[in-house]
Amino acid sequence: MEDKDDYKFLKIRDAIASINQRLSIIGVILEFGLPRKTKCSDCSCTLKIIDESHQKPGISVNVFTENMDKLPHIASTGDIILLSHVMIKTHNGEVCVVYNKKFSSFALYKGKHGEDFLPYQISPRFCLREQDKKFIAGLRKWMLEFKLDEGSSNFFMLREIKEGVRVNLACKLLHIWEIAQDEWMAFVWDGTDTPPTSICTKLEDEMYNQLPLHLEPLPLSRDILRTFPVVGTILRVIIDHSIQKHILHLLKADTWVKLLNVLCEVNGGLWYGVLTPFTKLRYMSNEDHLLKDCQRIYDARLSLTLGRMPYWSFPRPSLITEVCDEHTVFGTLIDVLTNSKVTNIFNCVVRVVAAFPWRAEDFCSPLGMYRMRLTLEDPTARIHAFVYADDGEKFFDGYPSVDILTRKRNKLLGVAVSNDGKEIKNAHRNPPWMQCCLKSYRIVRNDIWGSRCYRIYGTKLLG
DNA sequence: TTGGGG
């Protein structure tokens, strides 16, 4: 008799009407969170499942087991879970499924592309049965046609993120990298530009504690950078230590994901995300309209003359510079970094986030020649660019007095000044978007890529 | 029982 009861797989719609009953259901995993310890020293994880009868928003399943090993180790959203002897309960008026460690059991199967009916994980009490196959096959068939229609309102594009806020992102995972021992970072992208941040370091910090060019301790290799899109921010996402072993295997480069509850932060004026124990993964198909929107934005930007200008500099960069060469095509800083020619010229719209030396009286060497380093950024990257000799003379319009040079510097770096032109102490900097010409060159003949540098040329700072 | 959201 017991066996027969197990075959009363209820559709989710019918299960919802069976409060306080013990039953079996099978569904597709739409979303799942990371495993955690409960306050009763059990372990738990929550997932959301759907089937043909209940496609949104999905029913929550709370799984409790004695240890982490016994929880379902889901390989991917879109996989199928079969749950036996689970309870239907209500919580705050919402119906959910509770998996009890004493009498429930489960089996996990690959999703719509699964080719066999062998579960990749089963719980101790689970009995494999021939009849399960037709339910799994049915769900797989339904999934092939299924289009998740959830709207975009719950998702933020990278251009909408805010500091200290947790957001849901639909993005492409470009790269996963162990940036230091046991420290992992994901590089994600959606084709849009993160907003410019204000820079809160002091100008003089550039001496001993310079503004970082990137958040990873070592720069990405040129080979990896070259695989990245040339428009849109590549957001660095830190993977919290405590969740590494539960999430790393779920993040695959070159796939799209929906990441729920990603914390957005800024460090050194650079945006980054954090995957925390509260982060969840959600199913995303290749037909998802959010994915199509990202692709459309990217294709449109690539096809436009001004598509490589930062979104935040529209309709035009501030008119603080004049460039000699209006005709060189616009490039983003990742274009500059990954261009196949060591020596080349570029037209860029950037912000100057730091300068070294920072005092106007030190911009020239004791022999009277300009030699300084600017830190340039756009939504795709940061680079150091030198202002050197004749190019400096052009940039600063000759050799003006220290006062005038300081005023020019403040304008260039967005230093806050009071009405009398004095710098306001401890104020953040908001550098304006500036158009400039850049050239790349190498300084060591037998290390052309390793010694590649950048210089501003043909650009005049106005006023 | 626990958690469910953050």
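In what follows, every chain begins at residue 1, and chains take the letters A, B, ... in the order their sequences are listed.
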Set of salt bridge (charged side-chain N to carboxylate O under 4.0 Å, His left out) partners for A:K112, sequence neighbours left out: none
Go through residues 53-65 of chain A and report each residue with a non-hydrogen atom lying under 4.0 Å from DNA chain B, sorted by number. A:N62, A:F64
Which donor-acceptor pairs under 3.5 Å do the side chains of residues 306-314 of chain A make with protein atoms, sequence neighbours left out?
unit_1	atom_1	unit_2	atom_2	d
A:R308	NE	A:D335	OD2	2.6
A:R308	NH2	A:D335	OD1	3.3
A:W312	NE1	A:D193	O	2.9
A:W312	NE1	A:T194	O	3.3
A:S313	OG	A:P310	O	2.8

Would you say the rings of A:Y99 and A:F64 are close, in the sense that their centroids are separated by under 6.0 Å? no
Rounded to whole Å, please give me the gap between CD1 in A:I243 and C1' in B:dG6. 14 Å
Can I get a per-line list of side-chain donor-acceptor pairs under 3.5 Å for residues 40-51 of chain A, giving both atom names and the distance, sequence neighbours left out?
unit_1	atom_1	unit_2	atom_2	d
A:D42	OD1	A:K101	NZ	2.9
A:D42	OD2	A:K101	NZ	2.8
A:D51	OD1	A:S53	N	2.9
A:D51	OD1	A:S53	OG	2.7
A:D51	OD1	A:H54	N	3.1
A:D51	OD2	A:I12	N	2.9

Listed by chain and number, what are the side chain to side chain contact (heavy atoms under 4.5 Å, CB included) partners of A:Q244, not counting sequence neighbours? A:D182, A:W184, A:I239, A:H241, A:L248
Applying the side-chain contact (heavy atoms from CB on, under 4.5 Å) criterion to A:T201, which one of A:R429, A:Q210, A:E206, A:H428 satisfies it? A:R429
Within this structure, what is the CE-to-P distance between A:M87 and B:dG3, rounded to whole angstrom? 18 Å
What integer distance in Å separates A:M68:CE from B:dG3:C1'? 14 Å
Could you state the CG-P distance from A:L263 to B:dG5, rounded to the nearest angstrom? 19 Å
On DNA chain B, compare the nucleotides closest to A:E31 and A:K89; which residue's is nearer the 5' end? A:K89
Check the distance between B:dT2's C1' and A:N100's CG and give it to me in whole angstrom. 10 Å
Under a 4.0 Å N-O cut-off, is there an ion pair linking A:K147 with A:E287? no
Distance-only polar pair, side chains of A:D116 and A:Y109, donor-acceptor under 3.5 Å: no
For DNA chain B, which residues in residues 34-42 of chain A have a heavy atom at a distance below 4.0 Å? A:R36, A:T38, A:K39, A:C40, A:D42
Presence of donor-acceptor pair under 3.5 Å, side chain of A:K101 and base of B:dT2: no
Determine, answering yes or no, if A:H91 is stacked on B:dG3 under the 5.5 Å centre rule and the 30° plane rule. no
Within the structure provided, determine whether A:L215 and A:N267 are in side-chain contact (heavy-atom separation under 4.5 Å). yes
